[in-house]
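Step one of this worksheet: look at the structure below.
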Amino acid sequence: MTKKNLNLQDKVRDMFRQFLSTTKLLALALGIVIAFETEAAQAEVARGVVFHDQNGNGRREKDEPGIPSVRVSNGLDIVRTDTGGNYQLPIDDDTMLFVLKPRNWQSPVNEQNLPQFYYNHKPGGSPDDNFDFPGVAPTGPLPSSVDFPLTRSEESEEFSVIMMGDPQPNTRQHVRYYANDLIAELVDSQAAFGISLGDIVGNDLALFDNVNAVQAKVGVPWHNVLGNHDLNFRSPNDKYSDETFERVFGPANYAFQWASVHFIVLDNVLWRGIIDNDNNGRPDDGNYVGAFSDDQLQFVANYVAEVPVDECLVVCTHIPLINPAGLKHGTQKLSGLLEILAKHPHQL
C-alpha cells in the first residue's frame, strides 16, 4: 500500500472518531434534556384562591372576592396571594398546604372547634399498614384549585388565650376527669382561642376525638401542638410518626396571627424509630429527642422575615426550649431558632 493510501486511511479513521465523539455528546445532551423534561413534568404545582367567605358556607361563590396579600405555605415555602387572592406553590406526594391566618380574619372550624386552615395532599395516603392507629386516607389527585375560606373577625390588641399543657389522658375515664375537673371551668370563657401544648393524649391516639369533643365545649377555636405521647410509635422513623396527628389536626408546623401577635407552632419531637419494646411488647415510647430540622428553621425564617420587629412572636413547642447539653429534654438546633428570632425583641 502506498504512503498516499496510508494517509487517506488515517484521515478516514480521524473523521470516524470525531463522528463517534460528536454522537456521544449529542446523545448525552439529549439524555440530559429528556431527564430534565421528565423531572419537570413530575413536579406538581398547587394553585388556589384565598377568598372572603361572606356567607360562611366554606365554598367560594361567584360574588365572593379573593383576598390579596395573604400568606400560604407548603410547610417550607411561603408566598403571598396576588390582588385576586391567587397563589401557587410546589408540592410533592406528601404535602400539607395551609393558609397563615392574618389579623382580623378567621379560618372556619369544624364541629370540634378545630380550625380548618389546611389541605392534606397525600394521593396514596399514609404508609400505616402496621401502625396501631390510622393515618391519612388516600386523598386522590390534586384538585385543580385548592381554596381557603376566611371570614372577617375583628381582633382586639388585648386578648387572653387558654394554654393547656400535657392533659395526657390514657383512658376514656381520664377524659371524663379532664372534662369535669378542667374543661367545665372554662366553658363560656372569654378567651380568643385555646392551645394544647402537646401530649394531648397519653399514647392512645384513638382518644383524640374524645378529647376534641370535650374541648369543643369551651366554645372557642382550639389549636394543637404535637407531643411525644401523640406519636405513632409503630412508625419506623420520624417522617411518618405524626400521620395520625395530621389526619386529626392538620400540619404539625404552622403559624397564625391574632392582632399584632404571631403564634408559631413547631413539632420539636424527633422520633428515632423502634429500637426495643417495653414489657407489654409495645415500642418503647421514650425513643425520642427534642430537635428542630433545617426545613423547620427555614419555614420559621421565611415567616419571620415579613413580621415587623415591633410585633410579638410566640413560639409554641412541646419539648422545652433549652439547650440540650446532654439532656434528653432539651432541643437540638435551638441556637438556629434563636438566631432567626434575634432581631425581634418581643418574643415568648
Side-chain angles (χ1 to χ4, degrees), residues 44-123 125 136-156 159 191-194 209 212-213 215-224 246-251 253-263 265 303 306:
E44 277 194 287
V45 175
R47 296 174 175 83
V49 181
V50 179
F51 66 95
H52 184 183
D53 187 12
Q54 294 172 331
N55 61 7
N57 68 355
R59 299 187 303 274
R60 191 184 186 196
E61 312 294 348
K62 291 182 179 178
D63 60 343
E64 291 181 330
I67 309 173
S69 198
V70 176
R71 289 185 282 181
V72 184
S73 179
N74 57 9
L76 179 64
D77 308 300
I78 297 175
V79 297
R80 283 192 181 271
T81 56
D82 65 15
T83 55
N86 303 287
Y87 76 89
Q88 64 180 42
L89 280 163
I91 62 168
D92 57 23
D93 60 1
D94 185 6
T95 299
M96 300 288 284
L97 290 167
F98 53 94
V99 63
L100 299 156
K101 187 195 89 62
R103 68 181 303 164
N104 296 326
W105 291 94
Q106 184 66 51
S107 294
V109 296
N110 65 8
E111 66 280 0
Q112 295 180 332
N113 274 330
L114 299 175
Q116 303 299 288
F117 62 100
Y118 59 90
Y119 175 77
N120 204 336
H121 179 63
K122 293 181 189 288
V136 180
T139 58
L142 179 71
S144 58
S145 186
V146 179
D147 300 339
F148 295 108
L150 293 175
T151 56
R152 293 292 298 179
S153 176
E154 295 301 318
E155 298 166 357
S156 170
F159 61 95
F193 54 88
D209 285 338
N212 293 337
Q215 290 171 167
K217 301 299 182 183
V218 178
V220 298
W222 205 279
H223 298 270
N224 291 274
E246 288 186 351
R247 171 175 59 82
V248 177
F249 301 108
N253 303 285
Y254 59 98
F256 62 94
Q257 182 178 1
W258 191 280
S260 58
V261 183
H262 301 259
F263 293 82
V265 175
Y303 184 85
E306 296 193 47

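Residues: numbered from 1 along the sequence shown.
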Problem set entry | Cation-pi geometry met for R103 and W258 (6.0 Å, 45°) | no
How about [X] and [Y]: do any of their side-chain heavy atoms sit closer than 4.5 Å?
X	Y	result
F51	P149	yes
T139	P123	yes
I78	Y303	yes
Y87	V70	no

If I take atom [atom1] from residue [X] and atom [atom2] from residue [Y], how far apart are they, to the nearest 0.5 angstrom?
X	Y	atom1	atom2	answer
D53	E61	CG	CD	8.0 Å
T151	H52	OG1	NE2	7.0 Å
N86	Q88	CG	CD	9.0 Å
F249	Q112	CZ	CD	8.0 Å

List in chain and number order the residues that pass side-chain contact (heavy atoms from CB on, under 4.5 Å) with [X], two or more places apart in sequence or in another chain; answer none if no residue qualifies.
X	answer
N74	L76, D77, L89, P90, T95, L97
P251	M96, F98, F117, Y118, Y254
P221	Q106, V109, P115, F193

For residues [X] and [Y], report the shortest heavy-atom separation together with the two atoms involved.
X	Y	result
N224	Q215	OD1-NE2, 4.4 Å
R60	P65	NH2-C, 3.9 Å
L150	S107	CD2-OG, 3.6 Å
G48	S145	CA-OG, 3.4 Å
T81	I67	OG1-O, 2.7 Å
E64	N55	OE2-OD1, 3.1 Å

For this session: For the pair Q54 (side chain) and G56 (backbone), establish whether a donor and an acceptor sit closer than 3.5 Å, ignoring hydrogens and angles.
Result: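 Judged by distance alone, no pair lies under 3.5 Å.
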Exercise. When you measure from the side chain of R80 to the backbone N and O of S69, does any donor-acceptor pair fall under 3.5 Å?
Worked result: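 Yes: the side chain of R80 pairs with the backbone of S69.
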Exercise. Step by step, would you call N212 with L114 a side-chain contact (heavy atoms from CB on, under 4.5 Å)?
Worked result: CA-CA 8 Å; N212 293 337; L114 299 175; 3.7 Å; yes
Non-neighbouring partners of [X] that pass salt bridge (Lys or Arg N to Asp or Glu O under 4.0 Å), sequence neighbours left out:
X	value
D94	K122, K239
E155	K101
R59	none

Exercise. Which word best sums up how the rings of F256 and F263 line up, parallel for under 30°, tilted for 30 to 60°, or perpendicular for over 60°?
Worked result: parallel
